[in-house]
Structure formats: C-alpha cells, structure tokens
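What follows is one structure encoded as structure tokens, with my remarks underneath.
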Amino acid sequence: MKSVWGRRFAGRREDPRLEAFNASIGEDAFLAGAEIAASKAYAAALRRGGVLTAREAARIAAGLSKVKRRIAAGEDLGAYEDIHSAVELLLVDEIGEAGKKLHTGRSRNEQVATDERLFLKDAIPGILDGLRACQRALVALAERYPDVILPGYTHLQQAQYVLFSHAIMSHFWPLERAKSRLKDALVRIDVLPLGSGALAGTTAPVDRAFLARALVFAALSENSLDAVADRSFILETLSALALLLLDLARAAEDFVVFASREFGFLLLDDAIATSSSLMPQKKNPDIFELVRAGAGRLFGHFSRLFVTVKGLPSTYNKDLQDDKAPLRLGLEDARRTLDAFEIALRNIRPDRKAIARRAEPLLYATDLADYLTAKGVPFREAHGAVGALVRAAEKAGRPLTALTTRELQAAHPLFGDDVGRVFDPGRSVRRKKGAGSTHPARVKDQIRRAKALCKS
Ligand code: ARG
C-alpha cells in the first residue's frame, strides 16, 4: 500500500488483509474535491508564511489541479491508504520535490475534519433545494384541489372533516422545520479546523484567518484538541436528516394508506405505481413505501456514528475514520428520497367519489355537540347527549344522520328542525375559525405564507 508514513518501519511485512482493513480509500474518495481545495489554500498559506517560494506554490497549485483532473478522469486510487495520502502522493508524482513540502506542519487529523466540513457546506444547500422542491409540490397539490374535503383521523378512526389541502399542507411545515434545523447546523459546520495540526496546533507559519477567508469559513476553531476530535457537526446533520426522513415517512404512510382499496382516497398515476410479478391486478405504492423506509436508513447512519464516537478518548482516534459511510450515505439517501417524494407528489390526486363513499356519518358527531353548544347548552352536557345518540344509532343500525328530529330530541330537547344543516362537510370545516385551522380562508392564508417560505 502507498502510504505517507512507510519509512517509520523497517521492512514491515504487509498483510494485504490488514492493509485493506486499515485503509479508508474505499470510503473517503468522495472527499477528493474538498481535499484538493483545502490543500490549495494550505499551499497559499505556506507561501505567505515564507515556507514555499512563489514558484513552488505555483507548481503545487497547478499540480493539484492536475491531480483533480486525474481523479475526475477515473484514476485508480485503490493502492493508497486514504484520500489525503492519495492527493499528496499523486501531487509528488506530478511535480516532484516541491510537492513534498505541502504537508509542512499539517496533519491528516485536521485535514479530514476540514474536508468533511467543506463537503457538508457544499452538500447541505442541495438538500435545502430538494426540500424546497417538495414544498412547492405540496403547495401545488393543495392548491389544485381547494374544495375537496376528507375525513381527518385520530387513532386511525374517522374524527372530523378537514380540507384535503389542509391535510396536504400538514406535511409542508415539517419540511420547513427541517430547513431550519439544517441551516442552524450549517452555522456550527462553518468553523475551520485547518491549522490545528495533529492535535496541538501547527508549527508552520500559516495565517489561519487567511485560510478561513480562502476556504470561505465564517470562523476558526478555538481549540486544536477539540477541532480534530469533534464529529458533532456530522451527528447534528444526520439527526436533522433523520428527523426529516421520519417526517417524510409519516407523510408517505398517509399516502400508502390512502391509496389502498380500503380507503381509496388517493389515486396514483401510472407513472409512480408499480405492479406485482404474480398478481396482475396490483397497483402498488412502492415509491411511498421506499420513502417510508428511508427513516430507518437515516436512523442507522446516525446511530452508527453516535455509537462510534461514544466513549472515545481525546482527541483523534482511528475509530473516527469510520465516520465516512454515515456521512456520505446520510446525505445521499436524504437527497434521493426527497427527489422521489417530490416526483411522487406530482403524480397523485384525490378521488372525490371514493372519499364521499367512505366518509362516515359519525364525522358529524362533534358538529352535533357544537350545534347544541351554540344554543347555550354547556359543552359537557351536549357531548353526553350526542354520545347517547351515537349509541342509539349504533343499536338501531342506522346512520347518525338518519335519526328523526323526534329521536334527536329524546337525547336533548334543544335539537330543532334546522339540525339537518349540520350535515354538510363544507359547513363543518367552515365552523373551524381560528388561525391554523381547516377553514378554507385560513388554509388560503396558510398557503400564502407557505409560498413565501418555498423561496427561503
Ligand atoms: N483516513 C483517516 C480518517 O479518515 C485520516 C486521518 C488519519 N490520521 C491518523 N492519525 N491515522 O480518519
């Protein structure tokens, strides 16, 4: 294996299985772009500090650009220990002696932390874009069907009518929280470790403020020991992504259930449906099911790294090398799940007829209690009267809405002939008045605010 520390040992016998076990090149090649950018900035800092001549610095910069092109063109990195060694040794291969000065005062311990932060600063905006795209798709779906009303659920039992658009928008706000969490995480990611050396700080005359400017970091790490040990910035990102995928899973679960024959509320476009190899009739919501499975993936990436970091002594320990897969896969899984979710959202629509067929008269029970309350009956008494009616209807095997005024009056004398007006889904949702409620005007307000947030 081509390592950067080979001369420490005399005639070390290499067991290829151990070399492979110790190496991280199979996992960290995705950091190549960040590694090269950080190395260029470091070379410029060494030049300013007088460690490199202008000529050497220029050769290193040009050499790093060539290394970048070689890697982009598919250079086989398999023989190197990790991406840091690969870039350094390829640089020496390109420009010779001058390349050997690049590592002056520098350690892979700070490089890896720097690269990971650069990677996240680059990748998180892509996740935010994916989130905004999903938000726009939700708004478009909500706006397309402003007058569809469907049963809302608690305990997976029909509870009260809500606007379809309100139900769809209920999945908008978790995405807004995800954006907020990720933007907040970026504040702590945006701190530069470079210049921390292996753990104690660098002996090279590098101006860290210059490095931060060159690499566009908002702040410098305050403590070199902390800088090389900390991985909470990755965990924080993964936990934000895990919460995001948990929220997407809840939304996906609604859509899976709603698309079932038993509910039938949602129709899936052929574009996002899948079928069975055996059962020709099947139209399956696989895409939403895979979105639902994403939460397990993200929790896995988060918990794997969490447990790896737990109990480590200060500062850098090789255990930390195992942070690469959770980092890369966490970001990758989040992005492709958001993309799939967005496409799926653009290919579903409510089935009004099926919704009307499935909606139960019991959805009006609370409206009936509210009817009495509006006539001055204390709510607890109204609730009791309607409870008795529900029981009576159940016993008689008739829908609540089919009881006669006489039967209603047996439960409470204040039921009048006007009670029939209660049995109207539109009226039911319009009676919900407050901000944030399912009243059509309030949902309009909600969508107006949501639209502005899609841009932020
Ligand atoms: N490949 C290592 C990692 O990803 C780089 C840091 C190695 N440092 C060390 N002291 N062995 O963590």
Side-chain angles (χ1 to χ4, degrees), residues 1-9 12 14-39 41-42 67 71 75-92 102-123 189 192-204 221 223-235 237-238 301 304-332:
M1 175 137 296
K2 297 185 203 170
S3 78
V4 283
W5 41 256
R7 291 181 65 193
R8 163 68 178 80
F9 306 108
R12 181 167 168 274
E14 288 189 1
D15 183 318
R17 289 167 300 181
L18 277 190
E19 297 302 311
F21 186 69
N22 183 57
S24 59
I25 193 66
E27 308 248 318
D28 63 15
F30 74 101
L31 293 174
E35 174 65 22
I36 287 167
S39 292
Y42 196 75
V67 170
I71 293 176
E75 177 93 18
D76 179 8
L77 302 177
Y80 299 97
E81 183 186 348
D82 58 21
I83 191 61
H84 321 289
S85 320
V87 168
E88 189 183 328
L89 295 172
L90 284 170
L91 176 67
V92 174
L102 173 62
H103 207 59
T104 310
R106 192 174 72 153
S107 161
R108 286 181 294 162
N109 298 355
E110 57 177 339
Q111 282 171 261
V112 66
T114 300
D115 293 354
E116 290 174 332
R117 287 171 184 269
L118 279 170
F119 169 76
L120 283 174
K121 272 159 63 82
D122 191 55
I189 290 167
L192 178 70
L194 202 57
S196 296
L199 75 161
T202 182
T203 49
S221 55
N223 181 304
S224 58
L225 301 170
D226 177 39
V228 297
D230 176 41
R231 292 295 181 273
S232 64
F233 64 99
I234 302 179
L235 284 167
T237 305
L238 291 178
H301 303 320
R304 169 173 166 185
L305 181 57
F306 186 98
V307 175
T308 300
V309 172
K310 156 95 177 65
L312 290 186
S314 292
T315 51
Y316 179 83
N317 300 273
K318 190 75 168 208
D319 314 51
L320 292 178
Q321 173 164 286
D322 213 27
D323 62 353
K324 306 301 175 305
L327 171 63
R328 180 175 59 80
L329 293 174
L331 274 285
E332 238 173 61

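Whatever order the structure lists ligands and atoms in, that order sets their numbers, starting from 1.
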TODO: From the options Q111, R106, H103, select the one residue that forms a side-chain hydrogen bond (donor to acceptor under 3.5 Å, both in side chains) with S39.
DONE: R106
Open item on the list: Among T315, T114, N223, V112, exactly one meets side-chain contact (heavy atoms from CB on, under 4.5 Å) together with V228. Which residue is that?
Closed with: T315
- [ ] Taking side-chain hydrogen bond (donor to acceptor under 3.5 Å, both in side chains) as the test, write out the residues that go with R8, two or more places apart.
- [x] none
Open item on the list: I want to check something: taking the side chain as every heavy atom from C-beta on, are L331 and F30 in contact at a cut-off of under 4.5 Å?
Closed with: no
TODO: Considering only NZ, NE, NH1 and NH2 on the basic side and carboxylate oxygens on the acidic side, decide whether D230 and R117 come within less than 4.0 Å.
DONE: yes
Write 'none' if nothing qualifies; otherwise put on separate lines each N/O atom of ligand 1 with a protein N/O atom under 3.5 Å away and their distance to 0.1 Å.
{"unit_1": "ligand 1", "atom_1": "1 (N)", "unit_2": "S24", "atom_2": "OG", "d": "3.1"}
{"unit_1": "ligand 1", "atom_1": "1 (N)", "unit_2": "D82", "atom_2": "OD2", "d": "2.9"}
{"unit_1": "ligand 1", "atom_1": "1 (N)", "unit_2": "Q321", "atom_2": "OE1", "d": "2.8"}
{"unit_1": "ligand 1", "atom_1": "4 (O)", "unit_2": "K324", "atom_2": "NZ", "d": "2.6"}
{"unit_1": "ligand 1", "atom_1": "8 (N)", "unit_2": "N109", "atom_2": "OD1", "d": "2.9"}
{"unit_1": "ligand 1", "atom_1": "10 (N)", "unit_2": "N109", "atom_2": "OD1", "d": "3.1"}
{"unit_1": "ligand 1", "atom_1": "12 (O)", "unit_2": "Y316", "atom_2": "OH", "d": "2.5"}

Open item on the list: One thing to verify: whether E88 and R108 come together as a salt bridge, which I'm taking to mean a side-chain N less than 4.0 angstrom from a carboxylate O.
Closed with: no
